[in-house]
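Atoms considered below: every heavy atom in the structure, side chains included; atoms not considered: hydrogens, waters and symmetry mates.
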Number of protein chains: 2
Amino acid sequence: MQASEISTAATRQSAGEIAILKAAIRLFSENGFDGVSMRSVAEIAGVSKANIYHHFASKEALYLAIMQESAQKLSVLVDNLEEGDGDFEQRLRVFAQGHLDHLFGNASTLRLILREVFSGDDEKGRVLVEQVVGGILLRLFEIFKEGQEAGVLRAGLDPALCAMLLLGVDLFYFQSHGMLKHIPQAGFALQREQYSREMMDVILNGMLVQDVEAGVQQ
Amino acid sequence: MQASEISTAATRQSAGEIAILKAAIRLFSENGFDGVSMRSVAEIAGVSKANIYHHFASKEALYLAIMQESAQKLSVLVDNLEEGDGDFEQRLRVFAQGHLDHLFGNASTLRLILREVFSGDDEKGRVLVEQVVGGILLRLFEIFKEGQEAGVLRAGLDPALCAMLLLGVDLFYFQSHGMLKHIPQAGFALQREQYSREMMDVILNGMLVQDVEAGVQQ
DNA sequence: ATACTGACCGACCGTACGGTCAGTGTATTT
DNA sequence: AAATACACTGACCGTACGGTCGGTCAGTAT
């Protein structure tokens with residue numbers, strides 16, 4: 001009944017190492033790289049600081065390990081879109097509906113990666129693409145490209161751009177829902193489902209081919 | 001209306017103090033609060049560390065001073081954004097492009113504010129949002145509202161949501177282009193104008209009433 | 001019994017941090 | 001000429017940082 005065998009398959013992980021990773025993911029996602037000390041990680045994890053250096057070569061190495069583990073968690077999102085049944089449009093609509101919830105379900109993980117993505121640093125951006133999120137995005141682009149070849153996505157559009165728009169709309173909400181609540185006019189942002197539904201209504205209507213009325217009335 | 005004397009009127013500033021503020025804005029916007037040391041600020045500003053403490057009570061006080069100056073600067077600049085004088089669609093395209101240019105034109109200042117809004121506590125965030133985002137959102141909101149009353153914007157849509165989508169698309173690019181440009185498949189992200197144009201193609205197509213095919217070929 | 005392994009720890013190192021303080025140099029006021 | 005005001009500095013303080021080191025201890029294979 002324990003959830004203790006999550007990723008122990010690939011590399012054997014001691015209880016301490018798992019605790020370290022868990023503590024690090026929480027602290028780094030909340031406070032960023034510079035805002036976290038190895039001492040605080042050790043304390044939260046309930047191990048000695050020296051033990052962290054037994055498992056990880058440096059603070060940077062620990063950070064990178066967490067980033068990659070996090071990216072792996074997020075790739076499940078694309079799996080859902082890839083493996084769903086129905087045609088592209090149906091899968092896309094289901095995906096769009098649940099995507100935002102999924103993001104919030106992996107809040108710590110996502111915050112960690114977004115912090116890096118939005119840092120604006122060129123070098124970090126490159127490393128991020130090459131080692132962390134590049135593969136996920138390419139798979140997403142490919143799915144949209146197939147959707148276009150199937151005649152569902154409008155012909156003139158860049159599939160990658162459409163994918164990023166869909167992704168960006170949800171990421172934007174994930175990042176800024178706290179502040180959106182303070183804007184009086186933005187009543188649509190009070191509830192996640194409402195935001196997702198109305199936003200997806202606009203952008204799907206904007207990029208899908210209009211054969212019949214595409215269920216966009218209300 | 002010159003933008004050259006923003007805050008020199010209220011309090012006399014010595015050359016050293018100006019250099020400190022300038023250095024601090026650059027460093028804090030690039031590296032965040034925890035990633036900047038008072039020593040590095042002093043070095044870049046070309047003054048002693050003690051001199052910073054002569055002008056500012058603490059690191060927090062320096063950071064706060066910069067935040068306030070930046071927020072004020074941004075809110076003033078936003079008011080000068082061009083809007084275009086053509087039809088509804090043309091106005092929005094000009095506005096979106098101008099807004100995006102505006103974001104990049106004040107990159108350091110903006111990054112500073114965004115960091116605080118997205119990761120700071122609610123209280124500070126709310127003040128900043130009201131001061132910086134409020135004005136521009138309201139202007140866009142009015143444009144969309146007029147468009148809807150004129151029958152150009154689809155009737156079921158929330159004008160505030162449309163405004164938020166447009167701003168979000170620009171903001172998302174500002175924050176993520178450092179990563180996007182390292183993805184070969186995301187060629188649309190290499191040039192600002194191209195990104196803005198193609199994104200607007202999609203979302204305008206999703207928002208506007210479809211009388212004819214809305215001129216989205218290239 | 002012995003030898004070996006790997007998880008783990010307390011104590012420590014050099015450095016950099018935020019912040020303080022006594023004092024210097026230089027204008028302006030009296 | 002003396003006094004006041006203020007921008008500015010070098011040296012210093014206590015603390016916390018990332019990282020290292022010698023060593024303990026349980027498990028295990030020989």
>> Between A:Glu130 and A:Arg126, does any side-chain N to carboxylate O distance fall below 4.0 Å?
In response: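 Salt bridge: yes.
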> How does protein reach along nucleotides 8-21 of chain D, written 5' to 3' as B (base within reach of a heavy atom under 4.0 Å), S (only sugar-phosphate), or - (no contact)?
Replying inline: BBB------BBBBB
>> How close do B:Leu81 and B:Arg139 get, counting heavy atoms only, and between which atoms?
In response: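 It is O-NH2, 3.0 Å.
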> Should we count CD of B:Glu146 as having more than 12 external heavy atoms under 6.0 Å?
Replying inline: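 For B:Glu146, atom CD is crowded (more than 12 foreign heavy atoms under 6.0 Å).
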Anything under 3.5 Å between a donor and an acceptor, one on a side chain of residues 102-113 of chain A, the other on a protein residue two or more places apart or in another chain? List them.
unit_1   : atom_1 : unit_2   : atom_2 : d
A:Asn106 : ND2    : A:His102 : O      : 3.0

>> If the condition is side-chain contact (heavy atoms from CB on, under 4.5 Å), which residues does B:Gln185 pass it with, not counting sequence neighbours?
In response: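 In terms of side-chain contact (heavy atoms from CB on, under 4.5 Å), with neighbours along the sequence ignored, B:Gln185 is linked to A:Leu138, A:Phe141, B:Ile183.
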